Amino acid sequence: MRIATYNVNGINARLPVLRWLSETAPDVVCLQELKALQDRFPIGAIEDAGYRAIWKGQKSWNGVAILTRCTEFQEIRRLLPSDDADEQSRYLEALVDGVLIGCLYLPNGNPAPGPKFDYKLRWFDRLTQHAARLLATQTPVILADDFNVIPTELDASNPQRWLHDALFRPESRAAYEQLLASGWIDSLRQLTPTERFYTYWDYFGRAYQRNDGLRIDHLLVNAPFADQVVDGGVDQWVRGWEKTSDHAPAWIKLAL
DNA sequence: ATGGCGACAGTTTGTCGA
């Protein structure tokens, strides 16, 4: 089973998403930043591409979706627990052929410090609490995300530039480390322990052409199933297409 | 700390993202 995560930066501005789907055909796809109301999700085009989908839209911002070509496809939850007042569309969870898939879009958190950074850390705490419950299941679990966290200095072309940014501040990195320590493996980093590679390049200044990027989109797997991850990578060339997102798709392949 | 660029809302400028 091949599982991909892709922050599309506006699903309706992104015809390249359909091209990427048809050319790479992942079994499961987690999308973030739909930037579309619920009834503006292009379900017809997605189905024409061979996928079923569940999605959670929102006006202007955020929005997440899970797409699959697999047989078993059951929505589990549409909200991250512990804050009923949180109205931002950032979490979806589904069971796909025996694998529990969490699709999430962690808040950016800038400017930091400030209320947006506080919201990011609170959201992260709720995620870590929920992830602990998921660890109790005996099934493989994949958390596929735009995490908006640069985990280490190996994950940015110029780490110094991001020292005071919400993506790289000590609190954000500590929250990510704490989540991993609670029983999760950063699967792409496990496959490629020492090389720099990125999933995001800013639109400005020909950042992609200069390979001035960040690794902020991650696929976490619960530790007991980490040895099932047999391959993975970033479909980096998609970032070079016209009218493309500022992120590139990242994916892993599970042996099961 | 700013810059710079792109999407969206809904009108021409503001907000947000990373």
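Keep in mind that what you see is a predicted model, and the values were worked out from it rather than measured. Quick note on labels: first sequence line is chain A, next is B, and so on, each numbered from 1. Below, all heavy atoms of this structure are taken into account, side chains as well, without hydrogens, waters or symmetry copies.
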Seminar exercise, completed: Atom OH of A:Tyr198 and atom P of B:dA18 are separated, to the nearest Å, by 18 Å

Exercise. So what does A:Asn62 touch, heavy atoms closer than 4.0 Å: a base, only the sugar-phosphate, or nothing?
Worked result: nothing

For this session: Would you indicate what A:Asn7 reaches in the nucleic acid, counting non-hydrogen atoms under 4.0 angstrom: base, sugar-phosphate, or nothing?
Result: sugar-phosphate

Exercise. With clusters built from Ile, Leu, Val, Met, Phe, Trp and Tyr whose side-chain heavy atoms come within less than 4.5 Å, directly or transitively, what are the remaining members of the cluster of A:Tyr208, listed by chain and number?
Worked result: A:Tyr198, A:Trp201

For this session: Taking only the side-chain nitrogens and oxygens of A:Tyr105, find out if one of them lies under 4.0 Å from OP1 or OP2 of B:dA18.
Result: yes

For this session: Find the distance between CD1 (A:Ile54) and NZ (A:Lys56) and round it off to the nearest 0.5 Å.
Result: 11.0 Å

For this session: Can you run down the salt bridge (charged side-chain N to carboxylate O under 4.0 Å, His left out) pairs that involve residues 80-89 of chain A, sequence neighbours left out, and say none if there aren't any?
Result: A:Asp83-A:Arg126, A:Asp86-A:Arg126

Problem set entry | Short side-chain N/O contact to B:dA1 OP1/OP2 from A:His164, under 4.0 Å | no

Taking distance alone, no hydrogens or angles, what donor-acceptor pairs closer than 3.5 Å link side-chain atoms of residues 94-113 of chain A to residues at least two apart or in another chain?
from: A:Asp97; atom 1: OD1; to: A:Glu72; atom 2: N; distance (Å): 2.8
from: A:Tyr105; atom 1: OH; to: A:Glu33; atom 2: OE1; distance (Å): 3.4
from: A:Asn108; atom 1: OD1; to: A:Asn110; atom 2: N; distance (Å): 2.9
from: A:Asn108; atom 1: OD1; to: A:Asn110; atom 2: ND2; distance (Å): 3.0
from: A:Asn110; atom 1: OD1; to: A:Ala166; atom 2: N; distance (Å): 3.1
from: A:Asn110; atom 1: ND2; to: A:Asp165; atom 2: OD1; distance (Å): 3.0
from: A:Asn110; atom 1: ND2; to: A:Asp165; atom 2: OD2; distance (Å): 3.3

For this session: Please state the C1' separation for the pair B:dA18 and B:dG3 - nearest whole angstrom.
Result: 13 Å

For this session: Summarise how protein sits on nucleotides 2-9 of chain B as a single string, 5' to 3': B when a protein heavy atom is under 4.0 Å from the base, S for sugar-phosphate-only contact, - for no contact.
Result: -BSSSSSS

For this session: Nearest whole angstrom, please: distance from the P of B:dC16 to the CG of A:Asn148.
Result: 15 Å

For this session: For B:dT15 versus B:dT11, give the span between their C1' atoms, rounded off to a whole number of Å.
Result: 14 Å

Exercise. How close or far is atom P of B:dG17 from atom CG of A:Leu106, stated in whole angstroms?
Worked result: 12 Å

Between side-chain atoms of residues 216-224 of chain A and protein atoms elsewhere (two or more places apart, or another chain), which donor-acceptor pairs fall under 3.5 Å?
from: A:Asp217; atom 1: OD1; to: A:His247; atom 2: ND1; distance (Å): 3.4
from: A:Asp217; atom 1: OD2; to: A:Thr199; atom 2: OG1; distance (Å): 2.6
from: A:Asp217; atom 1: OD2; to: A:His247; atom 2: ND1; distance (Å): 2.9
from: A:His218; atom 1: ND1; to: A:Arg215; atom 2: NH1; distance (Å): 3.4
from: A:His218; atom 1: NE2; to: A:Val149; atom 2: O; distance (Å): 3.0
from: A:Asn222; atom 1: OD1; to: A:Val141; atom 2: N; distance (Å): 3.0
from: A:Asn222; atom 1: ND2; to: A:Thr139; atom 2: O; distance (Å): 2.9

For this session: Measure the distance from CG on A:Leu167 to C1' on B:dA1 and round it to the nearest whole Å.
Result: 16 Å

With a 3.5 Å cut-off and sequence neighbours excluded, list the donor-acceptor pairs that the side chains of residues 37-45 of chain A form with protein atoms.
from: A:Gln38; atom 1: OE1; to: A:Gly57; atom 2: N; distance (Å): 2.7
from: A:Gln38; atom 1: NE2; to: A:Trp55; atom 2: O; distance (Å): 3.1

